[in-house]
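What follows is a set of notes on a single structure, which appears directly below.
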Number of protein chains: 2
Amino acid sequence: MIRGTDGKRRSVTIHDVAREAGVSRGTVSRVLNGGHYVSPAAQAAVNAAIRKTGYVVNRHARSLITGKSDSVAFLLTEPQERFFEDPNFNVLLRACTQALAAQDIPLLLMIAGTEAERRRNLRYIEGGHVDGVLLVSSHSGDPVVSELDAAGVPVVACGKPLGQRAQVSYVAADDREGARAMVRYLHDSGRRRIATVTGPADTPGGVERLAGYRDVLAECGLPVDESLIVPGDYSRASGEAAAELLLERAPDMDAVFVASDLMAQGVLDTLSRGGRRVPEDVAVGGFDDSPAALSTRPGLTTVRQPWDRISTEMVRMLLARIAGEEPSAVILPTELVRRGSA
Amino acid sequence: MIRGTDGKRRSVTIHDVAREAGVSRGTVSRVLNGGHYVSPAAQAAVNAAIRKTGYVVNRHARSLITGKSDSVAFLLTEPQERFFEDPNFNVLLRACTQALAAQDIPLLLMIAGTEAERRRNLRYIEGGHVDGVLLVSSHSGDPVVSELDAAGVPVVACGKPLGQRAQVSYVAADDREGARAMVRYLHDSGRRRIATVTGPADTPGGVERLAGYRDVLAECGLPVDESLIVPGDYSRASGEAAAELLLERAPDMDAVFVASDLMAQGVLDTLSRGGRRVPEDVAVGGFDDSPAALSTRPGLTTVRQPWDRISTEMVRMLLARIAGEEPSAVILPTELVRRGSA
DNA sequence: CTGAAAGCGCTTACAG
DNA sequence: CTGAAAGCGCTTACAG
């Protein structure tokens, strides 16, 4: 803030800095934008003036010229109830916010749970108010993906967008290999009747983790018993229901690979109510390594998704896309985390 | 988008709309801003032109003039790990995002976990890049509150900011009365050795819920046994530790009022490991009615915080503050939710 | 390397 | 009620 000739408060502009430094506004702008074609002397004078006046750039004025907003949207199109319940969401959101903040780029949080919200957010984004979007949408054929792509808005998705013609950047954990590692581990510890609770078939996690399960059974020469495969929807409740079904269909199962920690929690509950000891009678393996995995009794053996790296990569890729790079995909390795349940 | 005379894509501006409607840009701007002093005919022509051209206002240009950004920050200064772990956070964040979205105001998510992050966010906010801030900061004497206030930035806090000279707007649940209702309920169901696990003494929930506990004991003529009062920090782990201490100090306790659901989860775990049946041997009451309350066995009897209303009120008050209204406080009633644990 | 000038897309007194 | 004009705070060719 500064006092104008009329004594009123107004914020300090590039003009004030220029006067203070004894240079033109153009020169101030040049040092602000990287200092190219500026003499060291002018550079120093301007920097001193900036410090003295407490100048901070007016981003609106800048954006008006450059056509860029220097902000990014984090768009959630998932049926929100479920995903907001998921502890992974927090980890992702926080890490993205911080990775962006490190570059001084604010994150606009947008939720497109209803059709009306979807329209509004799309209008805002396509209005050019953000430079790109970090997209969290796991269901197949989400129209948001193609709309954004058609509008020419840089997008990086979390997880591979299924059923899309558009070529969109994404970063994902290696679901299939993660699932393999877990099932292999169950097999190696002597389990032979290994069941699985899958995620929805229209999500990458639903498809890939099941594929990994099948891979290992084949590898090990174990027959694939379809009655041992039960679908879930990633919710805890669906884990309970799935476990009940399994207990009924295959009372002799000795292990379950569950495609998410939240569902694994449900499985654990049902198993314990059914009088099965974990891991003695039935070993349980989860997926995610979410905070939930620490709160079960026994602790959940699971597959860690590298959320920190996922977030960092998403941000890096989005910035690259905004800078003009072509779309690309990054697959990150997972890690088996052993606790008490298997 | 539109094609310029040179055939290049450029976005449609107020100028295009004016030409299409056969009026001046000033008139277009007037209908955009409420339609005052505009004839019905001009109004209609402009609206038609807007629809035809697909015009959407350039907010940067607008902000440059008005000095307002039409956006709001959601600032989290809590030591982040803990609060991001709290399911209440999600409920609050989602509801605020949606209440704001309904007014077409984007929410910028900011996390000030470290000193560096705090500075950066403050600089951004004080640079006038947001019109106001929704503040989530529960520890006493948070410097962010006074800095924001000193900079003249409208603020509405979630929960009463403790240890502040600044007069800041806030909305909070009626912690004290909520605690009273719970302890009264425990007493009414015949419990006489009622312990409590409190929140940190520098948070409103830590102070008020304990006060409510004391109120009821006094009301009922029960002696206050200080050894029955154990402090926690809202985390699940602290609930476990507190319960261990209580089991040791007061093996005859028959109820515990726990100041958060997360801690209550920990208490439940410890109790069950200690061989106590809930609610038969010990009744357990929580606070929050967070998603965690549904996932315990038995379900947690707790005090519901009206997060929807809290969020709605926060947004409403912030908008009022931005519009020039004086600070104010809103206290919202809580509700006792009975489940299996008490 | 540097200054003068145009212009980004809008809003808002001002004069009619 | 309406148009012409000034101006918000910047960036960026352009000419030197």
Side-chain angles (χ1 to χ4, degrees), chain A residues 1-2 4-6 8-47 49-50 53-71 127-129 131, chain B residues 1-2 4-6 8-47 49-50 53-71 127-129 131:
Chain A
M1 288 294 181
I2 206 174
T5 47
D6 54 354
K8 279 208 309 189
R9 283 156 60 109
R10 41 171 270 265
S11 56
V12 3
T13 74
I14 207 175
H15 193 100
D16 303 308
V17 175
R19 188 153 26 79
E20 179 70 34
V23 300
S24 74
R25 289 179 289 158
T27 298
V28 174
S29 180
R30 275 175 218 115
V31 345
L32 250 28
N33 291 286
H36 304 304
Y37 303 103
V38 182
S39 66
Q43 179 101 263
V46 168
N47 281 135
I50 287 175
T53 56
Y55 170 78
V56 353
V57 63
N58 180 323
R59 294 192 183 215
H60 298 307
R62 173 181 287 173
S63 293
L64 185 53
I65 302 273
T66 63
K68 307 194 34 164
S69 72
D70 289 321
S71 67
H129 299 305
D131 296 335
Chain B
M1 289 293 181
I2 206 174
T5 47
D6 53 354
K8 279 209 307 191
R9 282 157 60 111
R10 42 171 270 266
S11 55
V12 3
T13 73
I14 207 176
H15 193 102
D16 302 308
V17 176
R19 189 153 26 78
E20 178 71 34
V23 300
S24 74
R25 290 179 289 159
T27 297
V28 174
S29 179
R30 275 174 220 114
V31 345
L32 249 29
N33 292 285
H36 302 304
Y37 302 101
V38 183
S39 66
Q43 180 100 264
V46 169
N47 281 135
I50 287 176
T53 56
Y55 171 77
V56 353
V57 63
N58 179 323
R59 295 192 182 215
H60 298 306
R62 174 181 284 173
S63 292
L64 185 53
I65 302 274
T66 62
K68 306 194 36 163
S69 71
D70 290 321
S71 68
H129 299 305
D131 295 336

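Below, all heavy atoms of this structure are taken into account, side chains as well, without hydrogens, waters or symmetry copies. So that the names make sense, note that chain A is the first sequence line, chain B the second, and so on, each numbered from 1.
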Q) In chain order, what residues pass the side chain to side chain donor-acceptor pair (under 3.5 Å) check against B/S69, with sequence neighbours excluded? A) B/S71, B/D131

**Q.** Whole-Å gap separating C1' (D/dC10) and CG (A/D16)
**A.** 13 Å

Q) For A/T27, what residues pass the side chain to side chain donor-acceptor pair (under 3.5 Å) criterion, not counting sequence neighbours? A) A/S24, A/R30

(Q) The side chain of A/A61 is closest to which nucleotide in this list: D/dC10, C/dT2, D/dT2? (A) D/dC10

(Q) Rounded to whole Å, how long is the line connecting atom CD1 of B/I14 with atom C1' of C/dG7? (A) 16 Å

Show me the donor-acceptor pairs within less than 3.5 Å that the side chains of residues 36-45 of chain A make with the rest of the protein, sequence neighbours left out.
from: A/S39; atom 1: OG; to: A/A42; atom 2: N; distance (Å): 3.2

**Q.** Any residue of residues 21-30 of chain A with a heavy atom less than 4.0 Å from an atom of DNA chain C
**A.** A/V23, A/S24, A/T27, A/R30

**Q.** Secondary-structure stems for DNA chain D, with pairs counted as Watson-Crick or G-U when both distances are under 3.5 Å and runs at least 3 long
**A.** C:1-3 with D:14-16, C:5-12 with D:5-12, C:14-16 with D:1-3

Q | Interatomic spacing from CZ in A/R19 to CD1 in A/I14 - rounded to 0.5 Å | A | 13.0 Å

Q | Atom pair distance, as rounded to whole Å: CZ in B/R19 and P in D/dG3 | A | 15 Å

Q) Which heavy atom in A/T53 sits nearest to a heavy atom in A/V12, and how many Å separate them? A) O-CG1, 3.5 Å

Q: Just say parallel, tilted or perpendicular for the rings of A/H60 and B/H129, cut-offs at 30° and 60°.
A: perpendicular

Q: Give, for atom OG1 of A/T13 and atom CG of A/N58, the distance between the pair rounded to the nearest 0.5 Å.
A: 9.5 Å

Q.
As a test of reading the structure: which of D/dT2, C/dG9, D/dC10 is closest to the side chain of A/L64, going by heavy atoms?
A. C/dG9

Q: May I have the distance from B/N33 (atom CG) to C/dT11 (atom P), rounded to whole angstrom?
A: 5 Å

Q. Rounded to the nearest Å, what distance is computed from the CZ atom of residue B/R59 to the C1' atom of nucleotide C/dC8?
A. 18 Å

**Q.** Separation of C/dC10 C1' from B/K68 NZ (nearest whole Å)
**A.** 16 Å

(Q) If the condition is side chain to side chain contact (heavy atoms under 4.5 Å, CB included), which residues does A/R62 pass it with, not counting sequence neighbours? (A) A/L32, A/N33, A/V57, A/T66, A/D70

(Q) For a quick test of reading the model, state the closest non-hydrogen atom pair linking A/V56 to B/G127 and the distance between them. (A) CG2-CA, 4.1 Å

Q) Does C/dC10 have OP1 or OP2 sitting under 4.0 Å from an N or O in the side chain of B/Y55? A) yes

Q | Between CZ on residue B/R25 and CG on residue B/D16, distance to nearest 0.5 Å | A | 10.5 Å

Q. For A/H60 and D/dC10, what is the distance between atoms NE2 and P respectively, to the nearest whole Å?
A. 11 Å

Q.
For the C1' atoms, the ones on C/dT12 and on C/dG16, what distance do you get once it is rounded to whole angstrom?
A. 16 Å

**Q.** Integer-rounded Å distance: D/dT2 P and B/H36 NE2
**A.** 14 Å

Q.
Let's see if you can work this out: which of C/dT2, D/dT2, C/dT11 has an atom nearest to the side-chain heavy atoms of A/S39?
A. C/dT2

Q: Taking only the side-chain heavy atoms of B/I65 (C-beta and beyond), determine which of C/dC10, D/dT11, D/dT2 contains the nearest atom.
A: C/dC10

Q: Kindly say if A/N58 contacts the phosphate of D/dC8, meaning a side-chain N or O under 4.0 Å from OP1 or OP2.
A: no

Q. Among D/dG9, D/dC1, D/dC10, which is the nearest nucleotide to the side chain of B/Y37?
A. D/dC1

